[in-house]
Engineer: 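I have a structure here, written as structure tokens, and I will follow up with some questions on it.
Here is how names work: the chains are called A, B, and so on, in the same order as the sequence lines, proteins then strands, and each is numbered from 1.
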2 protein chains.
Amino acid sequence: MTDRGELKTQKAPHPASTRRSQAAPGRRQSNKLDKLNRIKAAARQLFVSQGFDDTTVREIATRAGVGLGTLFSYSLNKRDLLFLLGNDSLDEVAEKAGAGLDPKARLADNLRGIFGAHYAFFASEPVLARLVLREMTFYDSGAQAQRFRVIRQRVIDHVAGALALAIASGEIAGREDIAFDAWVLFAIYQVELRAWLAACAPDCAPDLAMGLQRLERALKVCIGGLR
Amino acid sequence: MTDRGELKTQKAPHPASTRRSQAAPGRRQSNKLDKLNRIKAAARQLFVSQGFDDTTVREIATRAGVGLGTLFSYSLNKRDLLFLLGNDSLDEVAEKAGAGLDPKARLADNLRGIFGAHYAFFASEPVLARLVLREMTFYDSGAQAQRFRVIRQRVIDHVAGALALAIASGEIAGREDIAFDAWVLFAIYQVELRAWLAACAPDCAPDLAMGLQRLERALKVCIGGLR
DNA sequence: GGTTAAACTTGAACATGTTCAATAATGATG
DNA sequence: CATCATTATTGAACATGTTCAAGTTTAACC
């Protein structure tokens, strides 16, 4: 199992002889896109309805209408397939969360905006969310794991942005290392999020308001300090 | 795979007819203990030398000198076997960490004592530590997962103890909910620990001093507050 | 010792993620 | 269109975690 985290095929259309290689959709490309979408849809439905462990790759392949082996030329392995779904959603959420920063808002409200967007997503797709969070926290190989790290860093940058705004508005004092402070706040968010999702049974929807309230309280401990 | 998290056998010696059931070692019990120890030793050696994924349960069984099926009457599954090893160590470490609390020490030093003991353990067995941390953070079923949660709570209680001492000595102001503050500090520890262990290649020993320094800095952000 | 029931052990059988050699589809070139 | 090289698809074969019905060992009781 010397997994080097790469997909085998996936080459650029053609190295030499690029006569009309500009915008020809081509049967090949559109077929591939179609298959990828079918695979994603099938995986999503099955993961959500049966859970990650109880869904077999054979089921996914059948429902997507592709051969078993084909799955593994679209994703490195079963877990990476889950990441693919999760990243698509997280990407959107992170984008939205960052766009909502308001220079006139208070720090706590901007943080609530960033983390709240994520909480809302996790609440709206609790099953998938739990799966993604569980599987993603530790596995670092594969294209999707890499993509996940990039998205996460963007969220941390948004937190740093919120801190910068709070400093600019005079709400908090100038800090030595905003990026580090953002990292600490993000750490609290991560652990709170996990605890929130783990708090209720695997298939019940978590209580968004209650979760956010607890998170806010935890963040305030850090913002206010213990002294 | 309707895993209910229980071992099948494992009954009390004998419900009825307890004539001399007080202190007879009995072939049965000592055999079982012996086997458990052989299994633990085999698993530890193999996990450390080859990693978790690349060690097969068949290898473990062979090296322990038991049948394949026997493994699964000593631990629910492969992962639980890893937890068994990890918990044995973590239990000791948590005990030691809690005993080191010093009423006359400053908060930062008491926290360094608690978390430092853990960092030292993770540094001394980096391979096993990484595995345990990776696998344990999310899996909640099985006897060992339960035991892990108990140990973790004990560590959080120690942090709360350190906070109580700091309040008693006047270092920090009285707080509304010490247990919650402890939880926040522990959250920072958790994320820092993971980042520290992930920072270097899978088989290199992490730098203890550097990790602790970063953790201390993160904790200080929270203790001091951002204002 | 002999009998019996409970507890323990075992590996063949099973389920499922993953690989890979063979096959088919595609599209560039003549 | 015919040919050919490249790329995509496929499922049989493999590897390995887990189960379980059958066999073995233990020890309580006579």
Side-chain angles (χ1 to χ4, degrees), chain A residues 1-4 6-21 24-36 38-39 43 46 50 52-62 64-82 135 142, chain B residues 1-4 6-21 24-36 38-39 43 46 50 52-62 64-82 135 142:
Chain A
M1 245 203 247
T2 39
D3 170 326
R4 275 179 303 111
E6 286 166 30
L7 242 39
K8 276 151 297 186
T9 47
Q10 296 291 76
K11 284 190 183 172
H14 248 220
S17 75
T18 49
R19 204 159 51 123
R20 52 156 192 163
S21 68
R27 198 125 83 205
R28 220 155 228 175
Q29 274 210 315
S30 68
N31 266 349
K32 279 188 70 170
L33 200 68
D34 214 56
K35 273 194 182 166
L36 180 58
R38 291 211 309 277
I39 290 173
L46 290 169
Q50 316 181 341
F52 182 71
D53 290 336
D54 289 344
T55 298
T56 70
V57 290
R58 283 168 182 77
E59 283 178 288
I60 299 174
T62 301
V66 300
L68 175 59
T70 307
L71 273 194
F72 295 95
S73 60
Y74 284 86
S75 74
L76 195 61
N77 53 40
K78 187 184 177 187
R79 182 154 23 219
D80 225 44
L81 192 51
L82 175 64
E135 298 295 327
Chain B
M1 243 204 243
T2 39
D3 171 327
R4 277 178 303 110
E6 285 166 30
L7 242 39
K8 278 150 298 186
T9 46
Q10 295 289 75
K11 285 190 183 171
H14 248 224
S17 75
T18 48
R19 204 157 51 120
R20 52 154 193 165
S21 68
R27 198 123 84 203
R28 217 154 228 176
Q29 274 211 315
S30 68
N31 267 349
K32 279 188 68 170
L33 199 69
D34 213 57
K35 273 192 183 167
L36 180 59
R38 290 209 312 273
I39 289 173
L46 289 169
Q50 315 180 344
F52 182 71
D53 291 335
D54 289 345
T55 297
T56 71
V57 288
R58 285 168 180 78
E59 284 178 288
I60 298 173
T62 302
V66 301
L68 176 58
T70 306
L71 273 194
F72 295 95
S73 60
Y74 284 86
S75 73
L76 195 62
N77 52 40
K78 188 184 176 186
R79 185 160 15 226
D80 225 44
L81 192 51
L82 176 63
E135 299 294 326

Engineer: Quick check for you: among D:dG17, D:dT10, C:dT10, whose closest atom lies nearest to any side-chain atom of B:V66?
Structural biologist: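 The listed nucleotide nearest to B:V66's side chain is C:dT10.
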Engineer: Apply side chain to side chain contact (heavy atoms under 4.5 Å, CB included) to A:T56 and list each qualifying residue two or more places apart in sequence or on a separate chain.
Structural biologist: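 A:R58, A:E59.
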Engineer: By ring pair (Phe, Tyr, Trp, His ring centres under 6.0 Å), which residues pair with A:Y74, not counting sequence neighbours?
Structural biologist: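 With neighbours one apart ignored, the set is empty.
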Engineer: Please give, in whole Å, the distance from D:dT7 C1' to A:F72 CZ?
Structural biologist: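 Checked: the CZ to C1' distance equals 20 Å.
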Engineer: Measure the spacing between CG of B:L68 and OG1 of B:T62 and express it to the nearest 0.5 Å.
Structural biologist: 8.5 Å
Engineer: Measure the CG-NZ distance between B:L71 and B:K35 for me, rounded to the nearest 0.5 Å.
Structural biologist: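 The CG atom of B:L71 sits 11.0 Å away from the NZ atom of B:K35.
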Engineer: Whole Å only: how far is the CG atom of B:N77 from the C1' atom of D:dC20?
Structural biologist: 17 Å
Engineer: Please tell me which of the listed nucleotides, C:dT9, D:dT9, D:dG11, lies nearest to the side chain of A:L68?
Structural biologist: D:dG11
Engineer: Whole angstrom is fine here: how far is it from NZ in B:K78 over to C1' in D:dT16?
Structural biologist: 8 Å
Engineer: What does A:T55 touch in the nucleic acid at a heavy-atom separation under 4.0 angstrom: a base, only the sugar-phosphate, or nothing?
Structural biologist: sugar-phosphate
Engineer: What is the distance, rounded to the nearest whole Å, between atom CG of B:L36 and atom C1' of C:dC8?
Structural biologist: 14 Å
Engineer: Taking all non-hydrogen atoms of both residues into account, name the closest pair between A:A61 and A:G67 and its distance.
Structural biologist: CB-O, 3.9 Å
Engineer: How long is the span from the CZ atom in B:F52 to the CG atom in B:L81, to the nearest 0.5 Å?
Structural biologist: 8.0 Å
Engineer: With nearest nucleotides of DNA chain C determined for A:T70 and A:V57 from heavy-atom distances, which residue corresponds to the more 5′ nucleotide?
Structural biologist: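 Nearest nucleotide further toward 5': that of A:V57.
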Engineer: To the nearest Å, how far apart are B:R79 CZ and D:dT18 C1'?
Structural biologist: 13 Å
Engineer: Please list, pair by pair, any protein nitrogen or oxygen found under 3.5 Å from a nitrogen or oxygen in nucleotides 23-26 of chain D.
Structural biologist:
residue, atom, partner, partner atom, Å
D:dT25, O2, B:R28, NH2, 2.9
D:dT26, OP1, B:R27, NE, 3.4

Engineer: Tell me: CZ of A:R58 to C1' of C:dT18, nearest whole Å?
Structural biologist: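 Spelled out: CZ on A:R58 to C1' on C:dT18 is 9 Å.
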Engineer: Rounded to the nearest angstrom, tell me the gap between atom NZ in B:K35 and atom C1' in C:dA7.
Structural biologist: 12 Å
Engineer: Choose from D:dT9, C:dT9, C:dG17 the nucleotide whose nearest atom is closest to any side-chain atom of A:Y74.
Structural biologist: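 Given the options D:dT9, C:dT9, C:dG17, the side chain of A:Y74 is closest to D:dT9.
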Engineer: Below 4.5 Å, heavy atoms only, C-beta onward: do B:L36 and B:K32 meet side chain to side chain?
Structural biologist: no
Engineer: Take the protein atom CG of B:L81 and the nucleotide atom P of D:dG17, then report the distance between them rounded to whole Å.
Structural biologist: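 B:L81 atom CG is separated from D:dG17 atom P by 11 Å.
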